[in-house]
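Notes to accompany the following structure.
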Amino acid sequence: SSLSRSGPAGALTISSSYVPSRDVRDPERETQSFRHDLSATLRLPASITITPALGIAEDTYEWSDARSQTTGASVSVSCASVLEGVDLSVSGSYARSQMTGDIGDTDNGTAGAAAGVLWRLRRAARVKTSLAFEVGSNHYIDKVTTAADYAEVYGVATLRIASF
């Protein structure tokens with residue numbers, strides 16, 4: 001099921017699902033999946049847009065006493081035309097996944113953040129040109145196997161030339 005509402009000031013979406021499944025070859029192997037999501041878009045004066053999101057998912061494996069749960073949250077903020085032809089954006093996210101039961105235990109999480117700037121260059125003869133820079137970082141944390149942890153920092157520059 002899903003419920004959405006939108007207007008000039010923003011949008012809100014709430015969704016939820018329940019999916020039972022059964023192995024055709026072994027009817028005793030039943031899995032139940034639940035997922036709940038909430039996302040919004042807020043458009044503020046001065047061309048600022050804020051987009052938060054939350055999600056929770058859970059799978060229960062009735063035949064093995066195992067359960068997995070994933071939770072996540074993210075937010076992005078963008079500001080169009082801070083200066084003439086310049087847009088700014090920042091974003092962050094976090095997700096955690098856990099599995100317990102006789103299949104084995106896992107517990108890991110990811111976190112990321114990014115910031116970017118987009119400069120729309122002057123338009124000449126039906127050619128749109130923009131230059132974008134983004135920097136960010138991602139981190140993976142494994143609470144069961146700490147040797148699998150990693151972190152990365154990145155930077156990307158993009159020149160876009162479009163003639164349509």
Side-chain angles (χ1 to χ4, degrees), residues 1-23 29-64 66-101 103 105-120 128 130-143 149-158 160 162 164:
S1 62
S2 180
L3 175 65
S4 292
R5 174 85 174 137
S6 64
L12 176 67
T13 301
I14 300 170
S15 65
S16 184
S17 66
Y18 167 68
V19 180
S21 66
R22 189 172 302 242
D23 189 328
R29 290 186 172 235
E30 182 178 6
T31 302
Q32 296 181 13
S33 299
F34 295 91
R35 178 152 186 95
H36 310 286
D37 294 296
L38 171 65
S39 64
T41 299
L42 307 169
R43 288 183 278 280
L44 304 176
S47 300
I48 297 172
T49 302
I50 302 171
T51 307
L54 296 170
I56 298 171
E58 184 172 298
D59 294 331
T60 304
Y61 306 93
E62 301 291 333
W63 48 272
S64 72
R67 173 176 290 188
S68 72
Q69 184 176 24
T70 303
T71 55
S74 66
V75 66
S76 64
V77 179
S78 62
C79 187
S81 298
V82 174
L83 300 169
E84 188 176 330
V86 177
D87 300 345
L88 300 176
S89 64
V90 294
S91 64
S93 64
Y94 177 77
R96 183 174 182 186
S97 179
Q98 297 173 289
M99 169 78 86
T100 57
I103 294 176
D105 293 338
T106 62
D107 188 353
N108 56 61
T110 58
V117 61
L118 171 76
W119 180 26
R120 289 182 304 281
K128 294 180 191 177
S130 65
L131 183 59
F133 298 98
E134 181 179 274
V135 294
S137 67
N138 293 306
H139 301 273
Y140 174 80
I141 302 154
D142 192 323
K143 293 184 178 184
D149 293 0
Y150 72 86
E152 66 181 359
V153 176
Y154 66 89
V156 178
T158 306
R160 229 179 236 145
F164 51 88

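Computed from a predicted structure; not experimentally measured.
Taking each heavy atom of Arg67 and Tyr61 in turn, the nearest pair found is N-CD1, 4.3 Å. Closest of all the heavy-atom pairs between Ala66 and Met99 is CB-SD, 4.4 Å.
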Could you give me the CA-CA distance, side-chain angles and deciding distance for Asp87 and Ser81, then say whether side chain to side chain contact (heavy atoms under 4.5 Å, CB included) is met? CA-CA 5 Å; Asp87 300 345; Ser81 298; 4.2 Å; yes

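At a threshold of 4.5 Å between non-hydrogen side-chain atoms, the residues Leu12 and Leu38 count as touching. Side chains of Thr110 and Asn138 form no contact here, defined as non-hydrogen atoms less than 4.5 Å apart. With contacts defined as side-chain heavy-atom distances shorter than 4.5 Å, the pair Thr13/Asp37 does not qualify. The closest side-chain heavy-atom distance from Ser2 to Ser4 is below 4.5 Å.
A side-chain donor from one of Glu134 and Tyr154 sits under 3.5 Å from a side-chain acceptor of the other.
Within 6.0 Å of CD in Glu84 there are 12 or fewer heavy atoms belonging to other residues, nucleotides or ligands. By the neighbour-count criterion of 12 heavy atoms within 6.0 Å, atom CZ of Arg160 is sparsely surrounded, having that number or fewer from other residues, nucleotides or ligands.
Once rounded to the nearest 0.5 Å, the distance linking CD of Gln32 with OG of Ser21 reads 9.0 Å. Remark: Gln98 CD to Asp107 CG distance equals 4.5 Å, nearest 0.5 Å. Arg96 CZ to Thr71 OG1: the interatomic distance, rounded to the nearest 0.5 Å, is 7.0 Å. The OG atom of Ser97 sits 9.0 Å away from the CD atom of Gln69 when rounded to the nearest 0.5 Å. Rounded to the nearest 0.5 Å, atoms OG (Ser74) and CG (Leu54) are 8.0 Å apart. Once rounded to the nearest 0.5 Å, the distance linking CD1 of Ile50 with CG of Leu44 reads 4.5 Å.
In this pair, Tyr18 and Phe34 present their aromatic rings tilted. The plane angle is within the 30 to 60° band.
Between the side chain of Arg35 and the backbone N or O of Gly55, no donor-acceptor pair lies under 3.5 Å. The backbone N or O of Asn108 lies less than 3.5 Å from no partner atom in the side chain of Asp142, so there is not a single donor-acceptor pair.
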